[in-house]
Amino acid sequence: MTPAASTAYDAAVSAAGPRKMLDVRNVRKHFGPVVALDGVSISVEAGKVAAIVGDNGAGKSTLVKILTGVHQPTSGEIAFDGQPVVMHDPDEARRVGVETLFQDLALVDDLTIWQNLFLGRELTWGGPLRLTRKRAMAERAREMLSGLQINIPSIEARVRRLSGGQRQAVAISRAVGWNAKLTIMDEPTAALGVKERTEVENLIERLRDQGRTFLLISHNFDQVMRLSNEIWIMRNGRVVGHRRTAETSGDELVALITGAKPAEIGRKPSD
Ligand SMILES: Nc1ncnc2c1ncn2[C@@H]1O[C@H](COP(=O)(O)OP(=O)(O)O)[C@@H](O)[C@H]1O
Ligand SMILES: [Mg+2]
């Protein structure tokens, strides 16, 4: 038991519980006759890593596409940092503060590291102040990567020359680095070897410890158990379980994912 709250404000805050960065309520998505999401409700606490696990066809990618403005929900509500939002396209999702790290990274090999970090944001690329702005962008990129303790040869290096792990570090930095409130990662280490995967996981841990908020989609149970604070389990377009990571096991997750264990939608993880 925590001591009684001392002010009305404290009481209100503790009654409201942890701050929710993302709150998805009863989202449905139909593609013609296909029901891809059948009333999904999930939330992500600020400064935490929430994971979604589920078999192929469970609806994970459809949910990610809705959260990134690629698809619109058929019905349901999404609140972001306490505000209801409607995101018509990926630019709008970015403006709201949702960044996504896709499997294919979307880095441009022939550009430098700092140019990749500013890709799609180089609003001030041309004009008379071009050189000054270039220097300022390179400097900001350098600060960002050193703040994240990312080991890269030089900010001026072309992305082509980087190892798989370094490339992923640049992609993750881009996805968290520009005031993202929520970074969604869909299988962030699927294409990496063991050593590089560990490096990337260490980076995600550091970012989480700095207060960043992540939604992680992963098939790798070890990774989910290591990085996440809570886990949402999806099957056939529904949420069939929700666990605090510290209170579950790989075996239980497999049982929920496959349906060997009955759905327990009503069960809330204990505090
Ligand atoms: N654009 C689409 N058109 C029709 N059906 C789709 C589309 N996208 C996904 N689906 C269907 O929605 C369901 C969920 O798919 P998906 O979200 O890709 O699952 P997951 O990422 O968990 O494997 C599947 O039955 C899939 O075939
Ligand atoms: Mg998918």
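Both counts, for ligands and for their atoms, begin at 1 and track the order of listing.
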Test item: Ser41 side-chain N/O and Arg25 main-chain N/O as donor-acceptor pair under 3.5 Å: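 The answer is no, because no donor-acceptor pair under 3.5 Å joins these two groups.
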Atom 14 (C) of ligand 1 - nearest protein heavy atom and its distance: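 Looking at atom 14 (C) of ligand 1, the protein heavy atom closest to it is Gly57 O, 3.4 Å.
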For [X], take its heavy atoms, then give the atoms of ligand 1 lying under 4.0 Å from any of them.
X     : value
Ala58 : 19 (O), 20 (P), 22 (O)
Asp55 : 22 (O)
Ser61 : 17 (O), 18 (O), 20 (P), 21 (O)
Ala36 : 12 (O), 13 (C)

Crowding at CD, Glu77 (>12 non-hydrogen neighbours, <6.0 Å):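 No - once you tally the heavy atoms of other residues, nucleotides and ligands closer than 6.0 Å, there are 12 at most.
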CZ/Arg206: more than 12 non-hydrogen atoms of other groups inside 6.0 Å: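 Enclosed: over 12 neighbouring heavy atoms sit under 6.0 Å from CZ of Arg206.
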Under 2.8 Å: N/O/S of Ser61 next to the Mg ion (ligand 2):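 Of the N, O and S atoms in Ser61, at least one lies under 2.8 Å from the Mg ion (ligand 2), which means yes.
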Test item, Gly59 contacting ligand 1 (heavy atom, 4.0 angstrom):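 Yes, that is the case, since the closest heavy atom of the residue is under 4.0 Å from the ligand.
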Based purely on interatomic distance, does [X] place a nitrogen or oxygen under 3.5 Å from a nitrogen or oxygen of ligand 1?
X     : value
Asn56 : no
Val34 : no
Phe31 : no
Thr62 : yes

Thinking salt bridges, do [X] and [Y] make one under a 4.0 Å N-O criterion?
X      : Y      : result
Asp222 : Arg197 : no
Glu139 : Arg142 : yes
Arg243 : Glu230 : no
Glu99  : Lys181 : no

Any non-hydrogen protein atom less than 4.0 Å away from atom 27 (O) of ligand 1: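 It does not: no protein heavy atom is found less than 4.0 Å away from atom 27 (O) of ligand 1.
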Candidates Arg28, Lys29, Arg235 - the one meeting salt bridge (charged side-chain N to carboxylate O under 4.0 Å, His left out) with Asp38: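 The residue from Arg28, Lys29, Arg235 that satisfies salt bridge (charged side-chain N to carboxylate O under 4.0 Å, His left out) with Asp38 turns out to be Arg28.
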Part of Leu63 with heavy atoms under 4.0 Å of ligand 1, whether side chain, backbone, both or neither: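 Leu63 to ligand 1: no contact under 4.0 Å from either part.
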Polar side chain donor-acceptor pair, Glu201 to Gln223, under 3.5 angstrom: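 Result is yes, a qualifying pair exists.
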